[in-house]
Every structure is written in C-alpha cells, then in structure tokens.
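The structure appears below as structure tokens.
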Amino acid sequence: MSLVVYNTLSREKEPFVPLDPSHVRLYVCGPTVYDYVHIGNARPVVVFDVLYRLLKRRYPRVTYVRNITDIDDKIMVRAAENQESIDALTERTAAAYRSDMSRLGALSPDVEPRATKYVGEMIALIERLVERGHAYAAEGHVLFDVPSMEDYGRLSRRSHDELIAGARVEVAPYKKDPADFVLWKPSTDAQAGWQSPWGRGRPGWHIECSAMSSALLGETFDIHAGGLDLIFPHHENEIAQSRSAFGHAIMAKYWMHNGFLNISGEKMSKSLGNFFTVHELLDQYPGEVIRLLLLSAQYRQPLDFTPEGLAQAKATLDRWYGALRDIGKSPAAVVPQSIEDALSDDLNTPMAIAALHQLANQVYQQGGPGLAAADLKAGAGALGLLQQDPEAWFRWTPAAADGPSDAEIEAAIAARQAARKAKDFKESDRIRDDLRAKGVILEDGPKGTSWKRG
RNA sequence: GGCCCGGUAGCAAAGCGGCUAUGCAGAGGACUGCAAAUCCUUCCAGGCCGGUUCGACUCCGGCCCGGGCCUCCA
C-alpha cells in the first residue's frame, strides 16, 4: 500500500509523491535548548521517527533534518540565572536532549543543525527579502511585510483581517502592518548578538528554520513536520519567508502536525505544574514504555499521558517480549504487510499495534517461537520497538531502585528449587512471596524458572 | 468572535454502509503442588435528534458537550 499522509495545507489525506523519488527530504522542528525537554516535546520526535523509518524502507535516500534552536531569549535569561555561558547551557541541554531521545528509541536525524551556525544564512535570507520588497528595516528591527504576500495565512486558514482582529498583543509602533513579524531585532551590549547590515542584533524566531531548511534540503522539500501549535505563527511565517525569498509556490509539499499531550486529562502547563521531563520519566520507566504509550494513539489525536497508560504499555511490552523470549537467533524477516499497511495510512500506529498483538497471539498459540515471532520482531521494529534482548528487558530496573541484584535473585531461585524438590512448599512459597514483595515475579515453566522485575 | 479538532464498551484505542477490531480489566474453564505466565470460552459500545439507505457506529444536517490555536508553547 502506498503512503498516504494528512496534509495540513489541504486538510486532507493525500498520496505521498516525493518531489524527487531518489531523495526524500524531511524537516522536523526541534527544541529550544535551555532545560530538559518535557514529554510533550517527545511526541513529534517519536512519531516522526516512525515516519523516517518508513521512508527509509521505501526510498533509496532520505535526509532528515531536525534543528536545535540555540538562540532565544529564554536561553539568554536562563544562562544569566544559572550564571553560566550561553554556550555551556545550550551544549549541556542539547547533549541531554540527544541522549533522552535516543533512549526513547529515536534514530538520530541525518543532520542536526544549530541555529547559531546559520546566522550568516539568516542574514542573507533577510537581505534577499528586503531586496525583493517583502521586508523592511525600522528602528533596528527588520520586519516581514505581510501584505506583500498575496496568500499569507493559507496554512492556518486565517485572513489578514482575522489576524488583526484576533491579535492579543500590543502592536509595536514600528510595524507598518499589525500582522508584520520580526525577522531581526536589535541586541543591547549585554545581550547575545551578531553584526548585521542593520546593526548588532539577533534573529527572530521563524527565520532560522527557513535558513536551515533551504541550506540543507533546498528551497523546496517534501515534508515539514512539528506540533500542532506551530501551525501558527511559526510555520505560517516560515512559509512566508521561504516562498517570498525564493519565489516558489510551496516551501514544503506536505505539512504534518502532531496533536497535543494531556497529563491525566488536563492540559499540560507549567503553571499547573503537571509536566514531566523526559529525563525524569526515564528514571522510572524504560524508554520503550514511554515510546509505546506515545504511539498508542494516532499522532493527530490528543493523547492523555497517565500512570495507567504507562502501566498498560509496560504490560503490553511484557507480553510481547515474553513471546520473543526463546526466539534465539531470529531469522531475518521483513516488516509484515499488515504493519506496512497500517503505517501507510497516515501512520496509523494503533492499527499497527493491533497487528502486533495478533502476531504475539500467534506466537503463544503455536506454543513457541517460529515465523510469527520473527514477524513480530520485524513488525515492532517498524515502530522502533522490541529490538533489545528479552532477558535484558525483563531485568530492567528503575534508576532509584534498591531491590535484589540479579545474582541474589538467582540464588533465591536455586534455594526455592531445592525446597520444591524436597516438597517443602511452605519454604518455596515463602521465597517466592519474599521476591514478589521486592518486585520480582517468578514463572515456573517446563524449562525451569524464569523471572522478571514487575 | 474567527479558524480547527474530538465525543466508540469499565479503561485505552482503531477500521468500516451490512462480516468478532485490538489490548487491558471483569466472569467461567484448562494447565500448575499452589501461583505466575499461557491457552480456551464469555459479558460489555458508538453524545442527542432528524435525514439518506433494503440496511448507519460508519454518509448528510441540526443540537449538546469537550478540547486546541488566534505573534515566539511540541
């Protein structure tokens, strides 16, 4: 089945036809690095990682760019608070981000550009916009001239009048039109800044993505993705910048946006204090559990992130890894058609997960590993799941745990076996209950006793 | 106010104009020294009101409810 994706531009599912079938180009908006990212930031990373894996299976060459924003006023404020340099702060948090995303099973993008390395490209792009009559300088700022673009607002489906009517922010006096947005702004001596034709300053938020995507993927490319909240203003303004600068009818052919994450039914927000960083969650749950939960709803739907959801994802992975326990050297298998079909329909991960359940059921019904187990592993691989050794999975332990060591568990199991052999079931049950109280669950099988951490 | 999403069984979450979605939980049974894991059987849906249709959870209209965005939040 050929790939169909929901394109925010048309608000419809469309067949995916790359601009250049020999080279598919994908851009995903990455984080602003000033602290650990929260779980909401992880959703696009995981979801579009599934897309990246799918594209790599089907096209000879895929370039995936995910930027790191290391210029931002929030960064400057945090660096001052921490009394550390901007470089130290962004380097440290970017490293943590890479590590956390990797633990969620996300492949590294092909290119991870940092905005500070592209300031020259940004300035060149802004100059080009000024030359073409789409931008103007005013009081040290450079602003994009929104009325200069005929169909501004197409992505977010907003008319110019609606924008002005809905504006919640006081309009700066140097703007020719209230909808105009900043491309470049002046910096004080105390603020980070770069020399430019308009004096020392720093870039506005949107220009970096236009500069980096055009430098790395070209003036037009296939897919641009990110969170729903980026549709306006960020992506709308990227489109305005890139199309006006380069004169193309499109910037990206397909725009894909993931839905929001709620925390136990409530909107995640810093004022409610109900957000989790990926970093802290990874101390409590395996990255794979978090990843499966993030994929358990279709990416455009809202997703409620709850302790129950994490427990269910854990239980599912326990069952799946159980099915792979004695798989041995698995024969190489391709991703089963049922999984490819599900993912081809706008990344229908819940349907892919249902297909994995069917495969796991088959493994158990057959009473052991076989072709179904190889299919299960290959199919789960399309979602970035089930690739580690099953025993390692069952032995995972939270960072703060102080339970018995693997060796202690093995010793207790041996003692229990001896008691069982002597028909001393009172003692054998005592040992089992004792381990259970410490979070270790025993399973007696035909090949002896196996165990897992609950 | 404008734009855009949703409302499916106890919970999570999909497809589909007629055929058991799926998983967890619940009930009964098998296996087990007892458990756990697993297997078998099973209960439980489609916000409300109209319309189209031989037939609607699925299409159309209205209503109710919930959510998001509307200048730097994925």
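Below, chain A is the first sequence line, B the second, and so on; all start at residue 1.
Aromatic pair A/Trp255/A/His235: centroids less than 6.0 angstrom apart. Between A/His206 and A/Phe181, the gap from one ring centroid to the other is short of 6.0 Å. For A/Trp320 and A/His357, the ring centers are positioned less than 6.0 Å apart. Side-chain rings of A/Tyr174 and A/His141 approach one another, their centers coming within less than 6.0 Å.
Rounded to a whole angstrom, the distance from the C1' atom of B/A9 to that of B/C44 is 5 Å. When the P atom is compared between B/G47 and B/A37, the two are found 34 Å apart, to the nearest whole Å. If you take atom P in B/U8 and the same atom in B/G1, they sit 25 Å apart, rounded to whole Å. Distance check on atom C1': B/A25 versus B/C16 gives 26 Å, rounded to whole Å. Distance noted for atom P between B/G55 and B/C19: 15 Å (whole Å). Distance check on atom C1': B/C69 versus B/C73 gives 11 Å, rounded to whole Å. Across B/C59 and B/C3, the matching C1' atoms stand 25 Å from one another, rounded to whole Å. Look at the C1' atom in both B/C70 and B/C11: the space between them is 34 Å, to the nearest Å.
The nucleotide B/C48 finds its pairing partner in B/G62, both defining distances of the Watson-Crick or G-U wobble pair being shorter than 3.5 Å. Under the Watson-Crick and G-U wobble criteria, each requiring two contacts below 3.5 Å, nucleotide B/C73 is left unpaired. Base pairing analysis places B/C39 opposite B/G29; the two distances defining the Watson-Crick or G-U wobble pair are each below 3.5 Å. Base pairing analysis places B/C34 opposite nothing; no Watson-Crick or G-U wobble pair with both distances below 3.5 Å involves it. Within the shown strands, nothing qualifies as a pairing partner of B/A21 under the Watson-Crick or G-U definition with both distances less than 3.5 Å.
Between A/Glu443 atom CD and B/U38 atom P there is a gap of 7 Å when expressed in whole angstrom units. Note: CZ (A/Phe425) to P (B/A36) measures 16 Å, nearest angstrom. Rounded to an integer number of Å, the gap from A/Trp451 CH2 to B/A36 P is 20 Å. Counting to the nearest Å, the P atom of B/C72 and the NE2 atom of A/His235 are 15 Å from each other. A/Lys13 has its NZ atom 11 Å from the P atom of B/A14, to the nearest Å. A/Phe394 has its CZ atom 16 Å from the P atom of B/A36, to the nearest Å. Between A/Asp49 atom CG and B/A74 atom P there is a gap of 19 Å when expressed in whole angstrom units.
For A/Arg432 against B/C34, a side-chain-to-base donor-acceptor contact under 3.5 Å is present.
Here A/Asn361 does not reach the OP1 or OP2 of B/U38: none of its side-chain N or O atoms lies under 4.0 Å away. OP1 or OP2 of B/C39 has at least one side-chain nitrogen or oxygen of A/Arg319 nearer than 4.0 Å. At the phosphate of B/C73, OP1 or OP2 sits under 4.0 Å from a side-chain N or O atom of A/Lys74. Considering only side-chain N and O atoms, A/Gln365 lies under 4.0 angstrom from the phosphate OP1 or OP2 of B/C40.
With respect to the salt-bridge test (charged N to carboxylate O, under 4.0 angstrom), the residues A/Lys421 and A/Glu427 do not qualify. Between A/Lys13 and A/Asp345 there is a salt bridge, with a side-chain nitrogen of the basic residue lying less than 4.0 Å from a carboxylate oxygen of the acidic one. Using a cut-off of 4.0 Å between Lys/Arg side-chain N and Asp/Glu carboxylate O, A/Glu112 and A/Arg98 are scored as salt-bridged.
Ring-plane geometry between A/Phe394 and A/Tyr321 is classed as perpendicular, the angle between the planes exceeding 60 degrees on a 0 to 90 degree scale with a lower cut at 30.
Of the candidate nucleotides B/U71, B/A14, B/C34, B/U71 has the atom lying nearest to any side-chain atom of A/Phe181. Closest to the side chain of A/Arg157, out of B/C34, B/G68, B/C4, is B/C4. Comparing B/A36, B/C4, B/C34 by their nearest atom to the side chain of A/Arg436 picks out B/A36. Nearest to the side-chain atoms of A/Asp429 among the listed nucleotides B/C34, B/A14, B/A74 stands B/C34. Comparing B/C72, B/G33, B/A14 by their nearest atom to the side chain of A/Lys185 picks out B/C72. Comparing B/U71, B/A13, B/A14 against the side chain of A/Gln301 picks out B/A14 as the nearest. Of the candidate nucleotides B/A14, B/C72, B/A74, B/A14 has the atom lying nearest to any side-chain atom of A/Pro350. When each of B/G33, B/A14, B/A36 is scored by its nearest atom to the side-chain atoms of A/Asn348, the top-ranked nucleotide is B/A14. In this structure, the nucleotide among B/G33, B/U22, B/C5 sitting nearest to the side chain of A/Tyr6 is B/C5. For A/Pro233, taking side-chain heavy atoms from C-beta onward, the closest of the listed nucleotides B/G33, B/A36, B/U71 is B/U71.
Nearest-nucleotide mapping onto RNA chain B: of A/Arg11 and A/Gly226, the residue sitting toward the 5' end is A/Arg11. Comparing A/Leu261 and A/Ala360, the nucleotide of RNA chain B nearest to each residue sits closer to the 5' end for A/Ala360.
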